[in-house]
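As the structure is a prediction and not an experimental result, all values here were calculated from the model. Note: hydrogens, waters and symmetry copies are ignored here, and every other heavy atom, side chains too, is used.
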Amino acid sequence: MNLWQLEPGYRAIERWVQACVHCGGAWVDRSTLEELVRNASAAAEAHGTPDQVPRRPVTDPVVYRGCPSCGAMMNRRNFGRISGVIVDECRTCGTWFDAGELEAMLEFVRAGGLTLSQQVERREVERETRQAKTRAAGIDPYQASLANQAELETDMLVAFGRWALRWLRRAR
């Protein structure tokens, strides 16, 4: 489906973005979505690090849809893994956004959400790598977790002790 051959019930709202006049949803082809995300990411980089990235709670009921272009069943995914914007994606044709989701996704990206998402993903990969090494070494994951927790608690106590000593020195 393209801008010039819209199916009944759709209207063009941007170059290749098409909105459903019945439900307010939007259909975006793959290349246009990449362009929209690229532009929003550039805006995020220009504004620097945000104080807060908007996230939506995932409360919508799960509904699987067929692709409006090819008819294949689409996959549901949380855009950026942490945004809370659940989109329906046809890996071949494009992405369906329910009413308000396209705007919410762009707001998430403009606020630096993709950078935050990459940081979260990096931490998860590091954690999984540590767990895999622990399993490969034959160490019980529960015992390794307790050891990591004990190490963290020790570091926190040392940091608190240093803070308390500095505070006492200043108080004198």
Side-chain angles (χ1 to χ4, degrees), residues 1-132 134-135 141-142 145 148-149 152:
M1 171 166 55
N2 65 43
L3 182 64
W4 311 115
Q5 298 173 341
L6 293 178
E7 292 185 11
Y10 287 88
R11 65 180 174 83
I13 58 174
E14 198 171 302
R15 190 171 133 219
W16 293 105
V17 177
Q18 298 154 13
C20 176
V21 295
H22 303 293
C23 69
W27 174 251
V28 183
D29 67 57
R30 292 175 56 91
S31 63
T32 301
L33 181 60
E34 290 170 3
E35 183 179 338
L36 290 170
V37 169
R38 190 172 39 254
N39 292 341
S41 293
E45 289 175 15
H47 294 319
T49 306
D51 294 333
Q52 188 174 7
V53 173
R55 297 193 212 176
R56 295 171 51 159
V58 179
T59 58
D60 297 335
V62 176
V63 178
Y64 289 94
R65 295 185 167 86
C67 172
S69 185
C70 71
M73 192 59 65
M74 294 191 290
N75 297 312
R76 294 176 53 85
R77 71 177 178 100
N78 188 347
F79 185 88
R81 297 183 66 200
I82 61 171
S83 70
V85 179
I86 307 299
V87 298
D88 300 290
E89 178 182 63
C90 175
R91 297 195 191 274
T92 308
C93 304
T95 303
W96 174 261
F97 294 88
D98 290 331
E101 288 180 341
L102 180 60
E103 295 82 3
M105 179 275 299
L106 290 172
E107 181 182 347
F108 171 78
V109 175
R110 283 188 202 110
L114 289 182
T115 302
L116 179 62
S117 175
Q118 291 167 348
Q119 292 170 354
V120 168
E121 187 171 344
R122 227 181 350 265
R123 285 193 300 264
E124 288 176 1
V125 167
E126 290 170 358
R127 189 192 71 216
E128 290 171 2
T129 302
R130 281 193 309 274
Q131 288 175 345
T134 300
R135 282 191 298 274
Y142 178 73
S145 172
N148 289 339
Q149 184 176 351
L152 178 63

Using a 3.5 Å cut-off and no angle test, enumerate the donor-acceptor pairs between side-chain atoms of residues 116-125 and protein atoms at least two apart in sequence or in another chain.
| unit_1 | atom_1 | unit_2 | atom_2 | d |
| --- | --- | --- | --- | --- |
| S117 | OG | G80 | O | 2.5 |
| E124 | OE1 | R81 | NH1 | 3.4 |
| E124 | OE1 | R81 | NH2 | 2.5 |

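- A search for side chain to side chain contact (heavy atoms under 4.5 Å, CB included) contacts involving S41 returns V37, V109, L114, not counting sequence neighbours.
- With rounding to the nearest 0.5 angstrom, the CE atom of M74 is 12.5 Å from the CZ atom of R91.
- At least one donor-acceptor pair closer than 3.5 Å links the side chain of D29 to the backbone N or O of T32.
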Would you please test E35 and V28 for side chain to side chain contact (heavy atoms under 4.5 Å, CB included) and show each step?
CA-CA 11 Å; E35 183 179 338; V28 183; over 6 Å; no

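- Judged by distance alone, with hydrogens and angles left aside, the side-chain atoms of E45 form no donor-acceptor pair with the main-chain N or O of A42 at under 3.5 Å.
- Contact between W27 and S69 at its shortest, heavy atoms only, is CZ2-CB, 4.1 Å.
- The only member of E107, E103, M105 that meets side-chain contact (heavy atoms from CB on, under 4.5 Å) when paired with V85 is M105.
- Counted by atom type alone, D88 and T95 present zero donor-acceptor pairs between their side chains at under 3.5 Å.
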Run the side chain to side chain contact (heavy atoms under 4.5 Å, CB included) test on C90 and W96 for me, step by step, so that the C-alpha distance in whole Å, both residues' side-chain angles and the decisive distance to 0.1 Å come before the verdict.
CA-CA 8 Å; C90 175; W96 174 261; over 6 Å; no

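- Paired with F97 under the rule side-chain contact (heavy atoms from CB on, under 4.5 Å), one option of L33, I86, L106 passes, and it is L33.
- V17 is listed as a side-chain neighbour of L36, based on a closest heavy-atom distance under 4.5 Å.
- Here R77 pairs with E89 under the side-chain hydrogen bond (donor to acceptor under 3.5 Å, both in side chains) rule; sequence neighbours left out.
- Distance OG/S31 to CZ/R38: 9.0 Å, rounded to 0.5 Å.
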